[in-house]
Amino acid sequence: MQLPDNLLAHSKRSVDSLPEAYQQWSTEMREQLVYVAGLSDFIVSKLKLDVTLADDLPKMLKSGDRCNHYRSVLSGLMGEDVDESKGHHLLRQFRNKELVYIAWQDFTHSWTLEQSLKHLSELAEAIICETYQWQYRQCCKLWGTPHNEQGEPQPMLIIGMGKLGGGELNFSSDIDLIFTYPDNGQTQGTHRSISNAQFFTRLGQRVIKALDHQTFDGFCYRVDMRLRPFGESGPLVMSFSALEDYYQEQGRDWERYAMVKARVMGEEMYSCYDDLRDMLRPFVYRRYIDFSAIQSLRRMKSMITSEVRRRGLENNIKIGAGGIREIEFIAQFFQLIRGGREPSLRYQNLLDTLDSIEVLHLMDKTDLDKLRHAYCFLRRLEHFMQALEDKQTQLLPDDIDEQCKLAVAMGYQTWDTLSKDIIENRREVHEVFSNLIGEEEEGSPEVEKHFIELWDMASHREIIEQIFQSELQLPEPNEFVETIINFKQGLTKKTLGNRGREVINRLMPKVFSVIFSYEKAKFGLSRVLHLLNNIATRTTYLELLDTHDGALNQLVRLCMASPMISERLERYPILLDELIDPQHLYNPTPLQDYGHELRDFLARIPEDDMEQQMEALRQFKQISMLRIAAADITGALPVMKVSDHLTYLAEAIIDSVVHQAWRQMVEKYGAPTHLMEGMGNGFAVIGYGKLGGWELGYNSDLDLVFIHDCPMNIVTDGKKQIDGRQFYLKLAQRIIHLFATRTTSGILYEVDTRLRPSGSSGLLVSPTHSFEEYQHNEAWTWEHQALVRARMVFDSGQLSQTFHRIRHEILSIARDRDQLRSDVTGMRNKMYQHLGSSKSDRFDLKKDLGGITDIEFLAQFMVLKHSHLCPSLTIWSDNVRIFEKMADEGVIDRSASVTLIEAYTSMRDEIHHKNLVNMPPEVSSEKFSCHREAVIKLWKEWLE
């Protein structure tokens, strides 16, 4: 065992730094020390740290296979009274000594690779099991012993995954673990019991700390628990039944591959594991020949290849082309496809699996020999790479000294000759892999692959950051990264099922592709993912988006433009069906057809099924509003038309609600006897405010007043007779109930009835003569202002004429101009003081001076001031036509009319767009300054 000169000089410095005790070794041991010290700084560092190795190591090297006694020796060290600090020291000292022994045997070529793998795996298993036994005893003293309902003590099983499970652990490897226990129950034996779940969670945390915690002596193993159900967001420990439920309902393809190597730690636990293994076997190994695993393996390999390319890891002997991972994939290829029918393929160990593949004649023997040789070659190389300094690495070194050390350790004269053999072994592996499994088909453009990777690697922050920066040219992707990571973690907590997971995996790359085709992707991403998170368990909707590209495109487009729409789609996913046909989506119902379409929509539901009738009303409203908003966003509808559509929709719904309520009342009480055939039902609904002015917005409520024409002393003609006026009161109450009841599709509208005579203290529904008397004798000026914007929105008989007469008479009263001016300005000042904006740099479009409210007050003031001389001013209830009529009649200048109409429609248009993006109706103080100044000027001219 000769070292080249550069390593020999390094070795001499290392040996000279060791304590005197190592000079007492035999000549043979000192020669080995010189050789090993030139290669492994790890061994030298441990010899310095633990001088007892001077006596122990020579004996250890003569003791044969030590792994058979790891458990018994460690058990003797970890006695009953070992405290936390001492326990950590003993575990790490034991681990370090045995790793020095294993590395020494490796570097001196004193045993086979199989022996090295076995010792590393058995060492980890011994340390894990004895740590568990030690901590279990400590936890039982603190919280009692866990029992199931039958009174049987319960253990915690530790399942080793990956190379630990396969008995082929790396020299400096993480250990992947899953914790589980058989049954739920409570602890017994202490004053206060806790649940088994609490006990085992605390136990698991203590085991991890004992293994993972860094002390003066180092650590035992880095513990990785991310392979457990739900990953980092899942519970640390789960019962057998919870574990079974998870894998049956939510287990993913990569978890199948991981479970192939799953093995319970500790022979004493094998009997407990039998039941769990039987439960998990159907998840891992399908009864049929499972060719679907091929594409999944290709996809996983494609993800790894992309990671290698992106991170520049071509020299990684594990995940690079032709590396160890490809050999593992080949073995898993046969295990997952045929393992359900061939029990001999169910080994955790890779070399054992390759032997079974040969026995079953599933591969050419020559190819299998290549794989075995390459696997042993690469694994031995991996051991040496890690044993140089106890670092977890699979990346071939660039440093000349490290290359030299590796070449010597592998038995080569130079790095170049070793490098050629590495290249040749990897070439042969990749050739076998490509012929057998192949690469993922290029079904999409290159950009699509980035989006597939973005989803597949969403749990790896640094990788998706690179995708955003290098592939999507987004230099500051933090907000996107957080959104995607949180979304994917959130899905792990949902019960998606196999079908749901398959759909979401197909859908998400498409979602990313569409979203990031927009410049303002950051708005769309969070909105769309929030929506998808809410509907994730409803696979039908996911499939709709997956199979209809047009629907997905419309979803992203609408969510990008409006959080209001995304919230509606999120709250009522039935609306997603509307996205399938864009031509229909962006063409709302013609104004006059809302009533007909609603009647057709309700016709499929029996009239006596009130619950479904109410739900259908709400669905119709949501569908119609989605179409209106979609047309609004695209500019297909100007603001005036948007309000028209929203108003006609509301009227159609009011008509339907009144008829439903009427049927219910008549069925229960009969109809009031004063009604004559063909004269309707003697009941009317008056719309005030935005409804009265044909100016409804997306979030508007309905200001309603109810009137009837029922005389005194009238009763109903049903089996259960009641007073006629009480009938109309109950009818109005029923109408409000139908509007306000919340179903799965929400409420219909918020209804406000405070504008009725005498407000909240007045009758909910008024006889027409009482309504007239109140308006003449008791109403305030502000109530007459409100009447300017009032109109009949439902009438089935003669009441419309009566209301129009009353309204015309009231608005046409000759008023004292100074008193009218005082009343109107007083009310406006009162509103401004209570509702005006307190932000000097912001302009509230509705409430601030020169805004919407001022324009409305100007219209109302002028109608109340001039209608006694110009009766035509009472015809209309909307501001735009009021101003037009004033100009036509010469009440105001045409220029003033145009100015007010332009200011009013511009501000309303802005409010509509603010509604679509869920923002308050305010803008910077500079915006609309010309309109504001013009309105304020007219206010001063007319009212001051």
Item checked: Under 3.5 Å: donor-acceptor pair, side chain of H769, backbone of D709 -> no

Notebook entry, point to check: Got a donor-acceptor contact below 3.5 angstrom from the D893 side chain to the S895 backbone?
Noted result: no

Item checked: Reported CE-to-CD distance for the pair M625 and Q622, which is rounded to 0.5 angstrom -> 7.0 Å

Next item on the list: Taking atom types as modelled, find out whether H530 and S526 have a side-chain donor-acceptor pair closer than 3.5 angstrom.
Entry: no

Next item on the list: Please examine the side chains of W694 and V880, heavy atoms only from C-beta on, and report whether any two atoms are closer than 4.5 Å.
Entry: no

Next item on the list: Using only heavy-atom distances, determine whether the side chains of S872 and E889 contain a donor-acceptor pair under 3.5 Å.
Entry: yes

Notebook entry, point to check: With distance as the sole test, does S700 use its side chain to make a donor-acceptor pair with the main-chain N or O of G697 at under 3.5 Å?
Noted result: yes

Check: With a 4.5 Å limit on heavy-atom distance, are the side chains of R817 and L820 in contact?
Finding: no

Next item on the list: Please assess R821 against D818 for the test side chain to side chain contact (heavy atoms under 4.5 Å, CB included), listing each intermediate value before the final yes or no.
Entry: CA-CA 5 Å; R821 183 181 295 111; D818 292 337; 3.0 Å; yes

Check: Side-chain contact, heavy-atom cut-off 4.5 Å: L938 with I892?
Finding: no

Check: Does CD belonging to E778 count more than 12 external heavy atoms closer than 6.0 Å?
Finding: yes

Item checked: Side-chain touch R756/I707, heavy atoms, less than 4.5 angstrom -> no

Next item on the list: I would like to know whether M862 and L900 meet side chain to side chain contact (heavy atoms under 4.5 Å, CB included); could you show each step before the answer?
Entry: CA-CA 13 Å; M862 297 300 279; L900 289 170; over 6 Å; no

Note to self: Minimum heavy-atom separation for A790 and F803, please, with both atom names.
What the structure shows: CB-CZ, 4.1 Å

Note to self: Please report the interatomic distance CD1(I628) to OG(S643), rounded to the nearest 0.5 Å.
What the structure shows: 10.0 Å

Item checked: H645-S624 side chain donor-acceptor pair, cut-off 3.5 Å -> no

Notebook entry, point to check: If you look at every heavy atom in A650 and L691, which pair is closest and at what distance?
Noted result: CB-CD1, 4.3 Å

Check: Do E615 and Q619 pass the side-chain hydrogen bond (donor to acceptor under 3.5 Å, both in side chains) test, and can you show the C-alpha distance, the side-chain angles, and the key distance before you say yes or no?
Finding: CA-CA 6 Å; E615 176 67 12; Q619 288 179 6; 3.3 Å; yes

Checklist line | N/O donor-acceptor pair under 3.5 Å between D909 side chain and T905 backbone | finding: no

Next item on the list: For I565 and A629, work out which heavy atoms get closest and say how close.
Entry: CD1-CB, 3.5 Å

Note to self: A side-chain contact here means heavy atoms from C-beta on lying under 4.5 Å apart; do Y594 and P588 qualify?
What the structure shows: yes

Check: If only atom types and distance count, is the side chain of T853 paired as donor or acceptor with the main-chain N or O of K846 below 3.5 Å?
Finding: yes

Margin query: Using every non-hydrogen atom in the two residues, find where L873 and S867 come nearest and quote the distance to one decimal.
Written below: CB-OG, 3.6 Å

Notebook entry, point to check: With no hydrogens and no angle check, is any side-chain donor or acceptor of R618 less than 3.5 Å from a backbone partner on M614?
Noted result: yes

Notebook entry, point to check: Is a side-chain donor or acceptor of R828 paired with a backbone partner of F857 at a separation under 3.5 angstrom?
Noted result: no

Next item on the list: Identify the heavy atoms of D848 and D854 that sit nearest to each other, and give their distance.
Entry: O-OD2, 4.3 Å

Notebook entry, point to check: Going by atom types only, do D823 and Q819 share a side-chain donor-acceptor pair under 3.5 Å?
Noted result: yes

Next item on the list: Verify the neighbour count for atom CD of E750: are there more than 12 heavy atoms of other residues, nucleotides or ligands below 6.0 Å?
Entry: no

Checklist line | G689 backbone acceptor or donor facing D703 side chain under 3.5 Å | finding: no

Notebook entry, point to check: Could D878 and R789 be called an ion pair, given the rule that one side-chain N must be under 4.0 Å from one carboxylate O?
Noted result: no

Check: Where do D701 and Y749 land on the side chain to side chain contact (heavy atoms under 4.5 Å, CB included) test, with the steps shown first?
Finding: CA-CA 6 Å; D701 56 10; Y749 290 95; 5.9 Å; no

Next item on the list: With rounding to the nearest 0.5 Å, note down the distance linking CZ in R881 to CD1 in I901.
Entry: 11.0 Å

Notebook entry, point to check: Hey, is CZ on R754 packed in by over 12 heavy atoms from elsewhere, all under 6.0 Å?
Noted result: no

Note to self: In this structure, is the centre-to-centre distance between the rings of F620 and F601 below 6.0 Å?
What the structure shows: yes

Check: Distance from I633 atom CD1 to S562 atom OG, nearest 0.5 Å?
Finding: 5.0 Å

Notebook entry, point to check: Does CG belonging to N713 count more than 12 external heavy atoms closer than 6.0 Å?
Noted result: no

Notebook entry, point to check: Can you tell me if NZ on K690 sees more than 12 non-hydrogen neighbours from other groups inside 6.0 Å?
Noted result: no

Margin query: Using only atom types and a distance under 3.5 Å, with no angle test, would you say the side chain of R568 pairs donor to acceptor with the backbone of L626?
Written below: no

Notebook entry, point to check: Can you check whether E809 reaches E772 side chain to side chain, under 4.5 Å on heavy atoms?
Noted result: yes

Next item on the list: May I ask you to say whether E941 pairs ionically with K937, meaning some side-chain N is under 4.0 Å from a carboxylate O?
Entry: no

Checklist line | Spacing of CG belonging to L864 relative to CZ belonging to R815, to within rounding of 0.5 Å | finding: 4.5 Å

Check: How far apart are the C-alpha atoms of R842 and S924, what are their side-chain angles, what is the distance that settles it, and do they pass the side chain to side chain contact (heavy atoms under 4.5 Å, CB included) test?
Finding: CA-CA 5 Å; R842 305 294 290 171; S924 68; 4.0 Å; yes

Item checked: Backbone of R791 reached by a side-chain donor or acceptor of R807 within 3.5 Å -> no

Margin query: Could you report the tightest heavy-atom contact between E922 and D844, atom names first, then the distance?
Written below: CB-CA, 4.1 Å

Margin query: Just verifying a value: how many Å separate L649 CG and D644 CG, rounded to the nearest 0.5 Å?
Written below: 12.5 Å

Note to self: Does either side chain, that of N879 or that of Y904, offer a donor lying less than 3.5 Å from an acceptor on the other one?
What the structure shows: yes

Notebook entry, point to check: So, Q726 and Y669: side-chain donor and acceptor under 3.5 Å apart, yes or no?
Noted result: no

Notebook entry, point to check: Any ion pair linking D723 and R725 (charged N to carboxylate O, less than 4.0 Å)?
Noted result: no

Next item on the list: Just say parallel, tilted or perpendicular for the rings of W662 and F727, cut-offs at 30° and 60°.
Entry: perpendicular

Notebook entry, point to check: Does any non-hydrogen side-chain atom of F706 lie less than 4.5 Å from one of I736?
Noted result: yes

Check: Any side-chain heavy atom of T781 within less than 4.5 Å of one from F861?
Finding: no

